[in-house]
Amino acid sequence: MIFIQESKCSIQKIKEIHNKWLNIFEFLELKPDNTTGGIQTLWNPQKIGIIDVETSRNYLSVVI
């Protein structure tokens with residue numbers, strides 16, 4: 001499982017990285033805006049199961 005915060009990456013850039021290097025991972029993301037830099041969580045669905053996800057403007061919570 002990978003957690004990235006304050007990435008400042010657009011969803012297009014994250015998808016490009018995902019498709020090129022991390023295609024075995026699934027991901028969730030909070031888009032960056034004026035006050036926050038964005039949050040991404042990536043995981044291998046063959047090894048980790050996501051049970052619940054909760055998001056807000058400032059956090060991404062994942063129950064595995």
Side-chain angles (χ1 to χ4, degrees):
M1 188 160 222
I2 302 168
F3 301 100
I4 304 169
Q5 62 185 34
E6 298 299 324
S7 66
K8 309 271 192 269
C9 287
S10 67
I11 185 63
Q12 292 82 13
K13 184 65 174 175
I14 294 295
K15 285 181 181 179
E16 179 183 316
I17 293 167
H18 178 264
N19 290 337
K20 185 173 183 177
W21 301 104
L22 303 169
N23 59 4
I24 64 166
F25 287 83
E26 291 187 17
F27 72 96
L28 296 169
E29 62 95 23
L30 283 175
K31 297 176 185 171
D33 67 19
N34 293 334
T35 59
T36 62
I39 302 170
Q40 290 83 33
T41 300
L42 298 94
W43 70 95
N44 182 336
Q46 295 175 348
K47 299 187 184 244
I48 297 173
I50 301 298
I51 297 171
D52 191 25
V53 174
E54 184 177 338
T55 62
S56 149
R57 183 173 163 226
N58 297 315
Y59 72 88
L60 176 70
S61 174
V62 179
V63 177
I64 57 173

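Predicted model, so just to flag it, every value in this text is computed and none were measured.
Just one residue in the list Val53, Ile64, Leu60, Ile50 forms a side chain to side chain contact (heavy atoms under 4.5 Å, CB included) with Thr41, and that residue is Leu60.
Tracing side-chain contacts under 4.5 Å through hydrophobic residues (I, L, V, M, F, W, Y), one reaches Met1 starting from Leu30; they form part of the same cluster. With hydrophobic clusters built from ILVMFWY side chains whose heavy atoms lie under 4.5 angstrom apart, Val62 does not share a cluster with Tyr59.
Among all heavy-atom pairs drawn from Trp43 and Pro45, the shortest one is O-CD, 3.3 Å.
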